[in-house]
Amino acid sequence: MNEIIFLAGDWPVRTIDALIGFGALVVILLLVIAVVIARSGRRGAELAMANAIRADELEERLSQVLHAQSEAAGRADAMTQALAGRQADMARAVNERLDSVTHRVGQSMEHSTRNTMESLRALHERLGIIDNAHKNLTDLTTQVTTLRDVLANKQSRGAFGQARMEAIVQDGLPKGAYEFQFTLSTGKRPDCVVFLPDQRPLCIDAKFPLEAMTALHDARTDEEKRIATQRLRGDVMKHVSDIADKYLVAGETQEMALMFVPSESVYAEIHDGFDDVIQKAYRARVVLVSPSLLMLAIQVMQQIMKDARMRDAADQIRTEVIKLGDDLGRLRDRVLKLQKHFADANEDVRQVLISADKIEKRAGRIEELDFSKTDAPEGPHLVATGAAELFPRKLQAGE
């Protein structure tokens with residue numbers, strides 16, 4: 001019984017100690033079980049009481065739920081009735097809105113239809129205008145084709161340039177200041193001459209070598225362009241030389257002649273790409289002009305002629321100015337006389353007003369039969385007896 005079973009640290013545990021510990025453990029377990037049983041009984045009673053209280057609460061809540069359910073049913077019925085009324089009102093409002101919308105849609109469709117018809121009518125008119133424009137374009141194409149055919153012929157092209165040059169000259173200068181196909185002393189006949197104040201004509205030539213320019217435009221390769229450029233430069237310089245030889249006559253014509261290029265684009269291309277030709281023409285006293293430059297030159301010539309006519313008429317203008325000065329002096333003398341007459345007339349009017357005032361005063365005294373006051377006479381008066389005392393026999397000057 002005193003045998004050592006195991007060691008707990010340094011403390012030896014014997015059999016009797018183990019039995020005693022086991023018995024104590026059993027007693028403790030029994031005590032614990034008894035306490036648990038007692039507590040469980042008390043808890044059962046408490047649970048039964050709690051369940052009874054919960055049952056009462058559940059019953060009360062159930063009654064409350066039933067009451068709330070009945071109230072919810074009443075509210076649901078009221079809400080159903082309200083919703084039915086609202087639905088009827090909404091249906092009526094929707095019908096009214098639909099009627100209004102239908103009316104507006106009808107008006108809008110009618111307005112849109114009217115606008116569409118107006119747009120279609122305007123479109124029809126525009127289409128008519130487009131048709132007319134197409135016809136005009138067709139006619140213009142025909143005219144351009146005809147013009148191209150005209151320009152393709154050298155004689156027709158010369159006539160075209162001549163007609164354009166003549167139109168510019170006729171529009172800018174008065175008759176007698178120019179002449180077409182004028183014959184010089186050498187027998188040459190330039191297309192147009194303009195007579196400047198010194199009576200020496202300025203010659204204008206309307207022909208231009210256009211074939212080389214056309215070849216330059218039609219050139220595709222560099223070699224073709226080079227050949228066309230050389231040809232254009234040679235043709236223009238040859239024409240410049242011909243103008244200088246034919247139309248520049250010393251002592252008879254002006255020292256410069258004009259070579260008319262009937263196209264602005266051709267003139268611009270020559271001026272930009274062939275500056276050496278332009279400079280050589282200047283040195284040869286031949287000036288290349290386009291239609292706009294010719295118009296400007298004609299306006300300058302017109303001003304020069306006007307200035308020359310004014311110089312020629314300077315003596316006549318001086319005589320007229322002197323006469324104008326004499327007329328102005330006579331006008332001044334007459335104005336002074338008229339001023340004197342006005343002054344005399346104003347003085348006479350003043351004297352008449354004075355006399356009228358005196359007559360008015362005497363008439364007032366006669367009306368009041370007041371003879372105590374008399375006006376001092378401004379001159380001698382002849383007074384008679386009786387009625388003659390009331391009225392003077394004669395009014396003197398200033399009364």
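We use all heavy atoms of the structure for the numbers below, so side chains are in, but hydrogens, waters and symmetry mates are not.
- Of the charged side-chain nitrogens involved, at least one lies within less than 4.0 Å of a carboxylate oxygen, so that Asp344 and Lys340 count as a salt-bridged pair.
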Legend entry - Working for side chain to side chain contact (heavy atoms under 4.5 Å, CB included), residues Gln254 and Arg285: CA-CA 10 Å; Gln254 296 291 329; Arg285 296 179 297 172; over 6 Å; no

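- Atom CD of Gln87 sits in a sparse spot, with 12 or fewer heavy atoms from other residues, nucleotides or ligands closer than 6.0 Å.
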Inset, instruction - Could you go through the side chain to side chain contact (heavy atoms under 4.5 Å, CB included) check for Met259 and Val287 one step at a time? - result: CA-CA 6 Å; Met259 176 179 170; Val287 179; over 6 Å; no

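- Counting non-hydrogen atoms of other residues, nucleotides and ligands closer than 6.0 Å to CD of Gln279 gives a total above 12.
- The salt bridge (Lys or Arg N to Asp or Glu O under 4.0 Å) check on Glu347 picks up Arg350, with sequence neighbours excluded.
- Met256 and Ile304 end up in different hydrophobic clusters when Ile, Leu, Val, Met, Phe, Trp and Tyr side chains are linked at under 4.5 Å.
- At least one donor-acceptor pair closer than 3.5 Å links the side chain of Asn132 to the backbone N or O of Gly128.
- Leu258 and Tyr282 fall within a single hydrophobic cluster, where Ile, Leu, Val, Met, Phe, Trp and Tyr are joined by side-chain heavy atoms under 4.5 Å apart, directly or via other members.
- The environment of CD in Gln339 is sparse: at most 12 heavy-atom neighbours from other residues, nucleotides or ligands sit within 6.0 Å.
- The shortest distance between side-chain heavy atoms of Tyr267 and Pro291 does not fall below 4.5 Å.
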Inset, instruction - Please report the C-alpha distance between Tyr178 and Gln170 in whole Å, then the side-chain angles of each, then the deciding distance to 0.1 Å, and finally whether the side chain to side chain contact (heavy atoms under 4.5 Å, CB included) criterion is met. - result: CA-CA 8 Å; Tyr178 60 89; Gln170 289 175 350; 3.4 Å; yes

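- Side-chain contact between Gln181 and Asp191 is present, with heavy atoms from C-beta onward closer than 4.5 Å.
- The environment of CG in Asp326 is crowded: more than 12 heavy-atom neighbours from other residues, nucleotides or ligands sit within 6.0 Å.
- Residues Glu118 and Asn115 form a side-chain contact, since some pair of their non-hydrogen atoms from C-beta on lies under 4.5 Å apart.
- Within the model, atoms CG of Asp275 and CD1 of Ile270 stand 12.0 Å from one another, a figure rounded to the nearest 0.5 Å.
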Inset, instruction - Begin from the C-alpha positions of His111 and Gln107 and carry the test side chain to side chain donor-acceptor pair (under 3.5 Å) through to its verdict. - result: CA-CA 6 Å; His111 183 68; Gln107 290 181 348; over 6 Å; no

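- With rounding to the nearest 0.5 angstrom, the CG atom of Asp333 is 12.5 Å from the CG atom of Leu338.
- The number of heavy-atom neighbours closer than 6.0 Å to CD of Glu57, taken from other residues, nucleotides and ligands shown, is above 12.
- Arg114 CZ: more than 12 foreign heavy atoms inside a 6.0 Å radius.
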Inset, instruction - Let me see the working for Leu336 and Arg332 under side chain to side chain contact (heavy atoms under 4.5 Å, CB included), right down to the final yes or no. - result: CA-CA 6 Å; Leu336 292 175; Arg332 184 176 182 278; 3.6 Å; yes

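- Residue Val193 comes nearest to Cys203 through the heavy atom pair CG1-SG, 4.0 Å, listed as atom of the first residue, atom of the second, then distance.
- Among Val194, Ile168, Val289, the one residue that satisfies the side chain to side chain contact (heavy atoms under 4.5 Å, CB included) test with Ile204 is Val194.
- Side-chain contact between Thr229 and Arg233 is present, with at least one heavy-atom pair separated by less than 4.5 Å.
- When the shell of 6.0 Å around CZ of Arg226 is examined, it contains more than 12 heavy atoms from other residues, nucleotides or ligands.
- Residue Glu360 places its CD atom among 12 or fewer non-hydrogen atoms of other residues, nucleotides or ligands, all under 6.0 Å distant.
- Between the side chain of Arg164 and the backbone N or O of Pro262 there is at least one donor-acceptor pair closer than 3.5 Å.
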Inset, instruction - Show your reasoning for whether ring pair (Phe, Tyr, Trp, His ring centres under 6.0 Å) applies to Phe180 and Phe182. - result: CA-CA 5 Å; Phe180 300 117; Phe182 178 77; over 10 Å; no

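- At least one side-chain heavy atom of Thr221 sits less than 4.5 Å from a side-chain heavy atom of Glu224.
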Donor-acceptor pairs are to be reported for all side-chain atoms of residues 234-251 against protein atoms at under 3.5 Å, with residues two or more places apart or in another chain.
| residue | atom | partner | partner atom | Å |
| --- | --- | --- | --- | --- |
| Lys238 | NZ | Asp242 | OD2 | 3.3 |
| His239 | NE2 | Asp205 | OD2 | 2.9 |
| His239 | NE2 | Lys207 | O | 2.8 |
| Ser241 | OG | Met237 | O | 3.0 |

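- Side-chain atoms of Gln64 and His67, non-hydrogen and from C-beta on, never get closer than 4.5 Å to each other.
- Applying the salt bridge (charged side-chain N to carboxylate O under 4.0 Å, His left out) rule to pairs touching residues 84-98 yields Asp89-Arg92, sequence neighbours excluded.
- Of the possible polar contacts, one joining the Glu252 side chain to the Ser185 backbone as a donor-acceptor pair under 3.5 Å is found.
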